[in-house]
Trainee: 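Got a structure for you, questions after.
Values below: every heavy atom of this structure, side chains too, minus hydrogens, waters and symmetry copies. Sequence lines set the chain letters: A, B, ... in the order given, protein chains first and strands last, and positions in each chain run from 1.
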Protein chains: 2
Amino acid sequence: MVSIKDVADQAQVAVGTVSNVLNNPDRVAEKTRERVLSVISELGFVRNDAARQLRAGMSRTIGLIVLDVSNPFFSSLARAAEDRAAESDSTVLLGDSGHDGERESRYLDVFEQQRVKGVLISPVGNVDERLKQLRAHGVPVVLVDRVDPQRRVSSVSVDDVAGGYMAVKHMLTRGRRRIAFVGASTDIQQVADRLAGAQQAVAEYPDAELEVVEAAAMTVLAGRAAGELLAERGLEALPDGIFCANDLVAIGVMQAVLLIRGLRIPEDLALIGYDDIDFAQSAVVPLSTVRRPTELMGRTAIELLLEAIDRPTSESRQVIFQPELVSRGSTL
Amino acid sequence: MVSIKDVADQAQVAVGTVSNVLNNPDRVAEKTRERVLSVISELGFVRNDAARQLRAGMSRTIGLIVLDVSNPFFSSLARAAEDRAAESDSTVLLGDSGHDGERESRYLDVFEQQRVKGVLISPVGNVDERLKQLRAHGVPVVLVDRVDPQRRVSSVSVDDVAGGYMAVKHMLTRGRRRIAFVGASTDIQQVADRLAGAQQAVAEYPDAELEVVEAAAMTVLAGRAAGELLAERGLEALPDGIFCANDLVAIGVMQAVLLIRGLRIPEDLALIGYDDIDFAQSAVVPLSTVRRPTELMGRTAIELLLEAIDRPTSESRQVIFQPELVSRGSTL
DNA sequence: TCGTGCCAATGAATCGATTCAAATTCGATT
DNA sequence: AATCGAATTTGAATCGATTCATTGGCACGA
């Protein structure tokens with residue numbers, strides 16, 4: 001394996017000069033620099049990152065742990081984070097915990113051993129313990145899609161209450177008054193927030209009413225089951241606008257309503273989801289939905305982390321983004 | 001930051017002993033080992049991976065570059081690869097090229113600098129050049145979902161011809177005889193292979209015929225457009241079995257056939273897709289499909305790589321997996 | 001000619017874990 | 001008590017890039 005010493009010998013300069021060519025090119029005379037560079041490509045020299053970071057005491061990598069890479073929200077966020085990190089000459093190590101605390105823990109161990117500059121994490125469960133350990137070891141952390149109740153670390157998240165509000169308000173302004181909310185248990189913070197926003201919007205219209213339908217899970221199948229229950233009612237007992245806690249549930253409801261009861265969307269029933277997954281726009285009736293600014297969240301998370309790295313004493317910041325309404329055929 | 005030296009001082013032993021506690025515990029007397037371990041946890045010592053790998057000359061990490069992490073095929077494969085690697089005390093660095101050659105290249109650079117043990121890659125385009133460079137630097141490579149025509153490196157892939165064959169054979173054994181294949185351009189190797197398999201199956205039945213319908217892309221919308229074209233025909237001109245080159249296209253066709261023409265699946269028309277994405281089983285009519293053994297592929301890729309690392313002179317191996325038919329409601 | 005600055009280049013010291021030959025301790029045996 | 005062999009422990013050398021105090025060379029002005 002070619003080392004900086006081999007390059008130095010071959011180019012007849014000292015190792016310090018080669019290092020300067022790589023890190024402080026303007027301190028080296030042009031002729032020397034060119035000679036060194038040509039030797040580097042001739043020998044196919046590649047910097048040894050381990051040696052570099054051993055000396056530097058810190059790596060140029062940032063750890064990112066997401067709950068599920070196959071979820072477009074996270075993969076898009078991760079991609080944006082990587083791009084932003086690359087601009088600051090850092091690399092993102094992507095870890096997928098798959099909602100599994102053990103895998104999460106394994107990644108945190110690896111990240112610590114690699115002496116990452118900092119960690120972005122969308123934590124599985126209760127992370128107080130791990131956060132404490134990371135902080136004790138001086139590893140800056142930024143939470144993603146979750147806030148730290150104690151405000152010890154910075155975070156980026158989305159205002160789901162506002163998201164729920166804008167979804168339902170959207171239907172209300174289109175004249176719908178009998179609104180239903182379909183979602184899983186409100187034990188899940190995100191579901192509870194979206195419902196709270198829906199309630200806020202309905203409260204602004206004295207003649208509007210909100211009905212809550214609980215689905216077994218946040219899946220297409222659970223949504224379809226909930227949709228079938230609704231569709232069994234007579235037309236007069238049916239809501240005229242349904243807000244689902246995510247797009248999967250909404251697609252399930254759509255299947256039930258369209259096919260089993262033969263109702264029309266949006267004529268008989270308006271429908272809106274949450275997340276803007278790929279399928280939303282290619283559903284039978286293109287699905288209106290609420291989109292979270294994933295790219296912006298990814299970039300911002302990196303920026304908060306870089307800030308925490310550069311100024312470890314600075315106060316933590318909780319950045320909360322506003323979601324965006326995407327209006328499609330299902331709520332025309 | 002706590003180093004092995006601090007631990008040694010505090011535990012009143014030499015640094016070599018601490019190292020042995022970590023790497024060769026049975027060479028250390030029990031009493032000493034316990035004392036050292038308690039100091040380690042007391043001081044919160046964490047191994048510095050950079051120093052370790054500098055000395056070792058090689059890291060314990062494996063680089064994995066996929067075309068798109070949000071594609072369940074790749075995320076599932078990546079997860080399996082990570083688990084298999086963990087069993088061999090290695091860590092996977094996951095990179096998402098997003099079909100972008102530049103990002104791919106950036107990851108390969110980082111991986112080289114980090115002196116990864118090896119690289120698994122599902123390459124974007126022509127990788128001959130990069131493969132050559134990696135091989136020149138002695139970095140073992142295994143291709144994923146792609147074979148090297150020159151058989152220089154090992155690979156794991158799927159027999160798409162067999163997949164196409166079993167999909168169409170499945171419909172033929174259920175009495176369907178007028179088969180249609182819907183897919184994008186056969187410039188894409190996978191599409192061409194699946195079609196070839198379909199033709200093989202049809203050739204076995206003298207009274208069966210195969211029609212090829214080209215879709216604009218491998219998406220739901222393109223599938224729907226193709227489905228609408230088919231559905232416009234009279235019932236007697238319609239195929240009675242459709243094989244789509246992937247599930248997205250199949251779902252598009254299903255939407256067109258069910259809703260626009262009001263046909264019944266599978267009574268009027270059997271339908272089968274490819275990939276077994278999550279949506280396949282929660283489609284309106286659960287979609288039959290062909291599944292690739294992603295977990296097995298991920299594990300095997302790591303094993304091939306470990307083999308190439310351990311025995312650099314060993315011959316390359318092209319492992320081709322057989323896909324599996326998943327029969328659901330759409331082909332009953 | 002000598003001194004003063006400045007620009008380039010030098011190379012030893014350093015980071016932290018691992019390795020291994022050498023030293024030390026321990027126990028059993030004579 | 002002396003000896004031998006095995007079990008432990010020691011600590012200097014090593015990996016490769018970076019840093020920085022120091023040296024070398026050169027030009028210009030006095």
Side-chain angles (χ1 to χ4, degrees), chain A residues 1-37 39-40 43-61 89 91 109-110 112-117 137-138, chain B residues 1-37 39-40 43-61 89 91 109-110 112-117 137-138:
Chain A
M1 183 94 318
V2 185
S3 80
I4 207 173
K5 173 119 199 315
D6 302 320
V7 174
D9 290 349
Q10 180 80 11
Q12 314 218 32
V13 294
V15 291
T17 303
V18 178
S19 175
N20 276 331
V21 168
L22 296 170
N23 302 299
N24 310 89
D26 41 344
R27 275 195 214 156
V28 181
E30 174 149 358
K31 257 179 108 170
T32 316
R33 196 190 325 144
E34 279 172 7
R35 182 153 38 95
V36 171
L37 287 175
V39 170
I40 285 178
L43 298 186
F45 165 77
V46 175
R47 263 231 229 23
N48 185 325
D49 222 48
R52 197 230 271 258
Q53 93 173 247
L54 173 58
R55 183 68 236 260
M58 181 193 274
S59 72
R60 282 159 27 266
T61 49
D89 198 31
T91 313
D109 286 341
V110 172
E112 273 210 72
Q113 294 184 9
Q114 302 232 7
R115 299 289 191 272
V116 295
K117 292 205 295 196
H137 289 175
Chain B
M1 182 95 321
V2 185
S3 79
I4 208 174
K5 173 121 200 318
D6 301 321
V7 174
D9 290 351
Q10 179 79 13
Q12 312 216 36
V13 294
V15 290
T17 303
V18 178
S19 176
N20 276 331
V21 168
L22 296 170
N23 303 300
N24 308 88
D26 41 343
R27 278 197 214 155
V28 181
E30 174 148 0
K31 257 178 109 171
T32 317
R33 196 189 326 142
E34 278 171 9
R35 181 152 39 94
V36 170
L37 286 175
V39 171
I40 284 178
L43 299 185
F45 164 77
V46 175
R47 264 236 233 11
N48 185 326
D49 222 48
R52 196 229 271 256
Q53 90 171 249
L54 172 59
R55 183 67 238 262
M58 181 191 275
S59 70
R60 284 163 21 269
T61 50
D89 197 31
T91 314
D109 287 340
V110 172
E112 274 211 71
Q113 294 184 10
Q114 303 233 7
R115 298 289 191 272
V116 295
K117 292 205 295 194
H137 289 174

Trainee: Any heavy-atom pair between the side chains of V13(B) and T32(B) that's under 4.5 Å?
Mentor: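 Yes, side chains in contact.
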
Trainee: Tell me the interatomic distance from K31(A), atom NZ, to dA9(C), atom P, rounded to whole angstroms.
Mentor: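 One finds 11 Å between P of dA9(C) and NZ of K31(A), rounded.
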
Trainee: Report yes if the side chains of V21(A) and R35(A) come closer than 4.5 Å at any heavy-atom pair, otherwise no.
Mentor: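 They are not in side-chain contact.
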
Trainee: Rounding to an integer number of Å, can you tell me how far E30(B) CD sits from dT9(D) P?
Mentor: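 Those two atoms, CD and P, are 12 Å apart.
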
Trainee: Would you name the heavy atoms of V2(B) and F45(B) that are closest together and state the gap between them?
Mentor: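 Of all heavy-atom pairs spanning V2(B) and F45(B), the closest is O-CD1, 3.5 Å.
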
Trainee: Are V18(A) and V39(A) packed together at the side-chain level, in the sense that at least one heavy-atom pair is separated by less than 4.5 angstrom?
Mentor: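 V18(A) does not reach V39(A) side chain to side chain.
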
Trainee: Mark up nucleotides 13-24 of chain C, 5' to 3', with B wherever a protein heavy atom is under 4.0 angstrom from a base atom, S wherever such an atom reaches only the sugar-phosphate, and - elsewhere.
Mentor: BBBBBBB-----

Trainee: If you take all heavy atoms of R27(A) and N20(A), which pair is closest and at what distance?
Mentor: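 That would be NH1-OD1, 3.9 Å.
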
Trainee: Under 4.0 Å between a side-chain N/O of T32(B) and OP1 or OP2 of dT8(D), yes or no?
Mentor: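 Negative; the distance criterion is not met.
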
Trainee: Could you give the angle between the helix axes at the two ends of the helix from dT1(C)-dA30(D) to dT30(C)-dA1(D), with five pairs per end, rounded to 10 degrees?
Mentor: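 Rounded value for the end-axis angle: 60°.
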
Trainee: For residues 53-60 of chain B, please give each side-chain donor-acceptor pair under 3.5 Å, one per line with the distance, not counting sequence neighbours.
Mentor:
residue : atom : partner : partner atom : Å
S59(B)  : OG   : T61(B)  : N            : 3.3
S59(B)  : OG   : T61(B)  : OG1          : 2.8
S59(B)  : OG   : R115(B) : O            : 2.9
R60(B)  : NH1  : D49(B)  : OD1          : 3.0

Trainee: Tell me, do R52(B) and I4(B) make a side-chain contact under 4.5 Å, heavy atoms counted?
Mentor: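 No, side chains not in contact.
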
Trainee: For S3(A), is there any backbone N or O sitting under 3.5 Å from a side-chain donor or acceptor partner on D6(A)?
Mentor: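 Yes, D6(A) side chain to S3(A) backbone: donor-acceptor pair under 3.5 Å.
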
